[in-house]
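In this chain, residues are counted from 1 in sequence order. The figures here come from the full heavy-atom set of this structure, side chains too, leaving out hydrogens, waters and symmetry mates.
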Amino acid sequence: MSMVRRVRSISNEEGQKLARLCRHPSDAIELHRAMVILSSAQGFTPPYIARLVGYSPDWVRTLIREFNLHGFKMLKPNWKAGGNWKFTQEQKDQLVALATSRPRDLGLPFSQWSLARLRDEARNQRIVDSISLEWLRIVLDEADMSHQSIKTWKASKDPKFEEKRKRIDRLTHQKHNPPIVLSMDEIGPISLQPHGGKGWFRSGHPERIPSTYQRLKGTRYLYLTLNVYHQRLSGRLYRHKGGEPWLDYVQREVEKYPKDQRVYLIQDNLSAHWTADVRGWAKDNRVTLVASATQASWMNPVESHAGDLQKLVLAGSNFGSWTEVRREVARAIAYRNRERGLRKKQFGDTQMRKWKVHRRPIWKRH
């Protein structure tokens, strides 16, 4: 079996989508697979990614290979109903074509399809005599379609897109004498409110959190740093997002390293990250500021970690004070750093676990 070491070249739109899935996944499987693909796109090797997500290097290579072959479909398991098809291929194609059409173009008094409206129109057009909502859902699922929110998109018009991408790529995987490379970003705003989550409970008796709350204590931003080569996270809560708190945070993080060594700081293009004060301080303190491409923050390696950490801290929580949040953030960061240390030992070059690799596409496995 061929050794796949890196994901294919991805577009900026695909990179933004992966970063979005890392921050707002629908389930743990999707989160970890998105982390694998995004980390690979950022230049990290399979053994390196394996320590990040807790997979074996062989499984990471399998995920990368499946993404190269099948794209975003592999990020989610695809659970399918059994039984034989009741409809011809022509009928299925017509149903899919109807679902991708605009209702107003057909003279209908609404702009979006629901399954019920789609079924009614399919009957009116005599595509099928009858069809249940679940069978209609299965037909659309087989065509790789799902009911999604309409979204805006951002295209990077940065003329130095590839140049910046290659520079970050060179910085983040030097095999010998790697420099100090820090990746920084903010998460937020975070407010003191109940946050939903998932867990194991007795049937019909889930854990309860309040559905009503008052925002009386403002918001905070979590400033986050990843030491790229040591894969260690650190973070700090701030009241505001801007040039002054960003400079304060950068100074605190850089002070952890010897003054005679140059520090490379990867950050996005938020104006607060590039104020005159930040640039001047960096120039005087052997800090090189490295920008990701415009509208391409997914190039920043810390993006792969932000959503996972946010889920660790906030999922299923109902904090009453920022002191509690600050304590839990510190505990979550310590846990992630400790967990990576254990994984590094577990998945060392001489102790790799062998996973059975099936030929069937992974998202179709039950």
Fill in: Stepwise side-chain contact (heavy atoms from CB on, under 4.5 Å) test for Leu21 and Leu31
CA-CA 6 Å; Leu21 290 174; Leu31 168 63; over 6 Å; no

I need the minimum non-hydrogen distance between [X] and [Y], along with the two atoms involved.
{"X": "Pro57", "Y": "Pro47", "answer": "CG-CA, 4.1 Å"}
{"X": "Ala50", "Y": "Ser56", "answer": "CB-C, 3.9 Å"}
{"X": "Ile333", "Y": "Leu233", "answer": "CG2-O, 3.2 Å"}
{"X": "Leu312", "Y": "Ala332", "answer": "CB-CB, 4.3 Å"}
{"X": "Ala291", "Y": "Asn269", "answer": "CB-OD1, 3.9 Å"}
{"X": "Pro301", "Y": "Thr172", "answer": "CG-CG2, 4.1 Å"}

Test your reading of the model: is there a side-chain donor-acceptor pair from [X] to the backbone of [Y], 3.5 Å cut-off?
{"X": "Arg6", "Y": "Ala41", "answer": "yes"}
{"X": "Glu14", "Y": "Ser11", "answer": "yes"}
{"X": "Glu121", "Y": "Leu118", "answer": "no"}
{"X": "Gln42", "Y": "Trp298", "answer": "yes"}
{"X": "Gln267", "Y": "His273", "answer": "yes"}
{"X": "Ser292", "Y": "Met299", "answer": "no"}
{"X": "Ser40", "Y": "Val36", "answer": "no"}

Nearest 0.5 Å, please: how far is [atom2] in [Y] from [atom1] in [X]?
{"X": "Met74", "Y": "Asn68", "atom1": "CE", "atom2": "CG", "result": "9.5 Å"}
{"X": "Leu136", "Y": "Phe87", "atom1": "CG", "atom2": "CZ", "result": "8.5 Å"}
{"X": "Arg126", "Y": "Gln94", "atom1": "CZ", "atom2": "CD", "result": "13.5 Å"}
{"X": "Asp185", "Y": "His305", "atom1": "CG", "atom2": "NE2", "result": "12.0 Å"}
{"X": "Cys22", "Y": "Leu309", "atom1": "SG", "atom2": "CG", "result": "13.0 Å"}
{"X": "Arg65", "Y": "Arg8", "atom1": "CZ", "atom2": "CZ", "result": "15.0 Å"}

Item to complete: Assess whether side-chain contact (heavy atoms from CB on, under 4.5 Å) is satisfied between Glu142 and Lys92, documenting all intermediate values.
Response: CA-CA 9 Å; Glu142 280 293 304; Lys92 289 188 285 184; over 6 Å; no

Practice prompt. Count the heavy atoms belonging to other residues, nucleotides or ligands that lie under 6.0 Å from NE2 of His240, then report whether that count exceeds 12.
Written response: no

Do [X] and [Y] come within less than 4.5 Å of each other through their side chains, counting heavy atoms only?
{"X": "Ile187", "Y": "Arg23", "answer": "yes"}
{"X": "Leu115", "Y": "Leu140", "answer": "yes"}
{"X": "Thr219", "Y": "Ile190", "answer": "no"}
{"X": "Glu66", "Y": "Thr62", "answer": "yes"}
{"X": "Leu63", "Y": "Tyr55", "answer": "yes"}
{"X": "Arg123", "Y": "Asp129", "answer": "no"}

Worksheet item: Excluding sequence neighbours, so at least two apart, what forms ring-ring contact (aromatic ring centres under 6.0 Å, His included) with Phe319?
Response: none

Discussion item. Hydrophobic cluster membership, with links at side-chain heavy-atom distances under 4.5 Å among I/L/V/M/F/W/Y: are Ile127 and Leu133 in one?
Written reply: yes

Worksheet item: Do you reckon Ile10 sits in the same ILVMFWY cluster as Leu69, going by side-chain contacts under 4.5 Å, direct or chained?
Response: no

Item to complete: Using the salt bridge (charged side-chain N to carboxylate O under 4.0 Å, His left out) rule, take Arg137 and Asp141 through it: C-alpha gap first, then chi angles, then the decisive distance, then the call.
Response: CA-CA 6 Å; Arg137 193 192 312 274; Asp141 181 69; over 6 Å; no

Worksheet entry | Pairs meeting criterion salt bridge (Lys or Arg N to Asp or Glu O under 4.0 Å) with involvement of residues 275-302, two or more places apart | none

Worksheet item: Pairs in or reaching into residues 254-264: which pass salt bridge (Lys or Arg N to Asp or Glu O under 4.0 Å), with residues at least two apart or in two chains?
Response: Glu253-Lys256

I'd like to check the side chain to side chain donor-acceptor pair (under 3.5 Å) partners of [X]; sequence neighbours left out, ordered by chain and number.
{"X": "Glu244", "value": "none"}
{"X": "Gln251", "value": "none"}
{"X": "Gln231", "value": "Tyr48"}
{"X": "Ser183", "value": "Asn300"}

Among all residues two or more places apart in sequence or in another chain, which pass the side-chain contact (heavy atoms from CB on, under 4.5 Å) test with [X]?
{"X": "Arg167", "answer": "Arg170, Thr288, Val290"}
{"X": "His24", "answer": "none"}
{"X": "Ser271", "answer": "none"}

Discussion item. Evaluate Thr225 against Arg232 for side-chain contact (heavy atoms from CB on, under 4.5 Å), listing each step before the verdict.
Written reply: CA-CA 8 Å; Thr225 299; Arg232 294 190 66 83; over 6 Å; no

Donor-acceptor contacts, no H, no angles, side chain residues 100-111, under 3.5 Å, sequence neighbours left out:
unit_1	atom_1	unit_2	atom_2	d
Thr100	OG1	Val96	O	3.1
Thr100	OG1	Ala97	O	3.0
Ser101	OG	Leu98	O	2.6

Fill in: Members sharing Leu289's hydrophobic cluster (side chains within less than 4.5 Å)
Ile180, Leu182, Met184, Tyr221, Tyr223, Tyr238, Trp246, Leu247, Tyr249, Val250, Val254, Tyr257, Val263, Leu265, Trp274, Val278, Trp281, Val287

Discussion item. Walk me through whether Leu226 and Glu303 qualify under side-chain contact (heavy atoms from CB on, under 4.5 Å).
Written reply: CA-CA 9 Å; Leu226 172 71; Glu303 285 284 342; over 6 Å; no

Worksheet item: Is any side-chain N of the basic residue among Asp169 and Arg165 closer than 4.0 Å to the acidic one's carboxylate O?
Response: no

